[in-house]
Participant: 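Could you have a look at this structure, given as structure tokens, before my questions?
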2 protein chains.
Amino acid sequence: MIKKEEIQSKILQAAQEVFTKYGYGKTTMDDIAKAMGKGKSTIYYYFTSKEDIFKAVVEKEFLLMKTTILTEIAAKEDPREQLKIYVVERMHGLKRLKDLYHILRTEFIAHHEFVEQFRQQTDQEEINIVTGILNTGVERNIFYLEDTFLTSIAIVTALKGMEIPLLITETDGDSLLEQRLDRLLDVLFFGIIKR
Amino acid sequence: MIKKEEIQSKILQAAQEVFTKYGYGKTTMDDIAKAMGKGKSTIYYYFTSKEDIFKAVVEKEFLLMKTTILTEIAAKEDPREQLKIYVVERMHGLKRLKDLYHILRTEFIAHHEFVEQFRQQTDQEEINIVTGILNTGVERNIFYLEDTFLTSIAIVTALKGMEIPLLITETDGDSLLEQRLDRLLDVLFFGIIKR
DNA sequence: TAATTTTGGACCGTTTTAGTCTAATAGTCG
DNA sequence: CGACTATTAGACTAAAACGGTCCAAAATTA
């Protein structure tokens, strides 16, 4: 019974591959089936519809991004470092999920109920993460903030609205990345977070 | 009556856009029509079928590559320079037309008669270009060759067979490009062309 | 204005699509 | 092994999308 999730994961992997390749409308169920080397009935044994699969792909990827962020954050002590990691991982995640995002914004927008609910949910989760970091910082007298919740909303919204992934290239060395991030954080949050 | 070719060119441009985006099988005539902002009948007024349009796109692009090469070559005197230009432009052309090439090799291969005939024709034209360059070089005692025709075939075939576009990146400066090309020509044609 | 070119979009027969059904196979466990 | 369940391929269906046609209207030209 351990295989069940393995196969499900394989389907999602194959689906993500063809979705990002063809877009939502242009991919057929047979495309997905072929990409994973199995028949269509295998897919329908685990999922109820194409829509269902796409939603699962999106949720899987964003869950992965969230857990990655949380794990990395947990490994750091200093809230300043934690905030930096949140920004870095958020940017890398956005870059990796660019195609899925694009489908959500353009093709899948017809399913507004899902898109809207998903957006709200992920926003809420991210705000919670950042609020947690900020609260710790305030407790330890590292950040001096009047309202950590409102500040979190500002940070999350700022990161969403800006095409920040473009600022960081894959060939950037670590040191360059560090410099840019420090500058970025200064620009973004100067006056909100004083250190 | 001058507009006629303009519209035809617009159709081909839109078609190329969606063909390289979706591939041959996944693009619909409505996709093309939508991409150029006109109805389907406009397309069928100028072209007879989807197949017809794709062939026209391919032929247009390869004609462009050919005339570009010929123009650049005509601007140079030294056959060594001309040969170098041929290699450079051929590489850049291949890189730009990567998607079309891929469709030809994978999806359009069912129309073997067209693909094969087109391949032979373009090969022939390229061999003629290179033969012209080599002949001039021999006449001026710059190249010492026994058979310019066979040498041309060797050069054209070598360029086709190798994934040469990968050797040159867009960020290469001119001097680096020059160095690499000299090295490449040495490796490719050492023993065939002595200077 | 009259003739001609160009266009949108309804339309048609055919193919492809998402999704269903079934019968066969693979895997599990006593 | 043998009874049971989980998994699978692929035939099938109704609906949608497809390439391509057609024609009346609009735009252009003369």
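Order of the sequence lines sets the chain letters (A, B, ...), proteins ahead of strands, with each chain counted from 1.
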Participant: Could you tell me the separation between the CD1 atom of A/I32 and the P atom of C/dA18, rounded to a whole number of Å?
Facilitator: 8 Å
Participant: Specify the separation, in whole Å, of atom CD1 of B/I7 and atom P of D/dA27.
Facilitator: 14 Å
Participant: Between the protein and nucleotides 12-14 of chain C, which nitrogen or oxygen pairs are less than 3.5 angstrom apart?
Facilitator:
none

Participant: Thinking salt bridges, do A/K76 and A/E72 make one under a 4.0 Å N-O criterion?
Facilitator: no
Participant: Please report, rounded to the nearest Å, how far the P atom of C/dG8 is from the OH atom of B/Y45.
Facilitator: 14 Å
Participant: Would you state whether a donor and an acceptor, one from the side chain of B/K40 and one from the base of C/dG8, lie under 3.5 Å apart?
Facilitator: no
Participant: Quickly work out the B/F47 CZ to C/dT6 C1' distance and round it to whole Å.
Facilitator: 15 Å
Participant: Output all residues satisfying ring pair (Phe, Tyr, Trp, His ring centres under 6.0 Å) with A/Y101, sequence neighbours left out; order by chain, then residue number.
Facilitator: A/F62
Participant: Students often get this wrong, so: under 4.0 angstrom with heavy atoms, is A/T48 touching a base, only sugar-phosphate, or nothing?
Facilitator: nothing
Participant: Under the ring-ring contact (aromatic ring centres under 6.0 Å, His included) definition, can you give me all pairs with a residue in residues 64-89 of chain B, not counting sequence neighbours?
Facilitator: none
Participant: Would the A/Y22 and B/Y22 ring centres measure less than 6.0 Å apart?
Facilitator: no
Participant: Who pairs with B/E107 by salt bridge (charged side-chain N to carboxylate O under 4.0 Å, His left out), at least two apart in sequence or on another chain?
Facilitator: none
Participant: Please state how far atom NZ in B/K38 lies from atom P in D/dA27, giving the value in whole angstrom units.
Facilitator: 12 Å
Participant: Report the distance from atom NZ of B/K50 to atom C1' of D/dA17, rounded to the nearest whole Å.
Facilitator: 12 Å
Participant: At 10 degrees resolution, what angle do the end axes of the helix from C/dT1-D/dA30 to C/dG30-D/dC1 form when each is taken over five base pairs?
Facilitator: 30°
Participant: Kindly say if B/T42 contacts the phosphate of C/dG8, meaning a side-chain N or O under 4.0 Å from OP1 or OP2.
Facilitator: yes
Participant: Can B/D31 and B/T28 be counted as having a side-chain donor-acceptor contact under 3.5 angstrom?
Facilitator: yes
Participant: Determine yes or no for a side-chain-to-main-chain donor-acceptor pair under 3.5 angstrom, with B/Y46 supplying the side chain and B/S9 the backbone.
Facilitator: no
Participant: To the nearest Å, how far apart are A/E51 CD and C/dA18 C1'?
Facilitator: 12 Å
Participant: So which atom in B/T136 and which in B/G132 form the shortest heavy-atom distance, rounded to 0.1 Å?
Facilitator: OG1-O, 2.7 Å
Participant: Of all of residues 19-31 of chain A, which get a heavy atom below 4.0 angstrom from DNA chain C, listed by number?
Facilitator: A/T27, A/T28, A/M29
Participant: Apply side chain to side chain donor-acceptor pair (under 3.5 Å) to A/T122 and list each qualifying residue two or more places apart in sequence or on a separate chain.
Facilitator: none
Participant: Within the distance-only criterion (no hydrogens, no angle test), does the side chain of B/K26 pair as donor or acceptor with the backbone N or O of A/K26 below 3.5 angstrom?
Facilitator: yes
Participant: Ring pair (Phe, Tyr, Trp, His ring centres under 6.0 Å) with B/H111: which residues, sequence neighbours excluded?
Facilitator: B/F108
Participant: Once you round it to whole Å, what is the distance between P of C/dG19 and OH of A/Y46?
Facilitator: 19 Å
Participant: Strictly under 3.5 Å: I want the nitrogen or oxygen pairs between protein and nucleotides 22-24 of chain D, one per line.
Facilitator:
none

Participant: Please report, to 0.1 Å, the donor-acceptor pairs under 3.5 Å made by any side chain of residues 35-42 of chain B, with sequence neighbours excluded.
Facilitator:
none

Participant: Please collect all side chain to side chain donor-acceptor pair (under 3.5 Å) contacts where either partner lies in residues 11-21 of chain A, sequence neighbours excluded, each pair once.
Facilitator: A/Q16-A/K60, A/Q16-A/E61
Participant: With sequence neighbours left out, what residues match B/Q117 under side chain to side chain donor-acceptor pair (under 3.5 Å)?
Facilitator: none
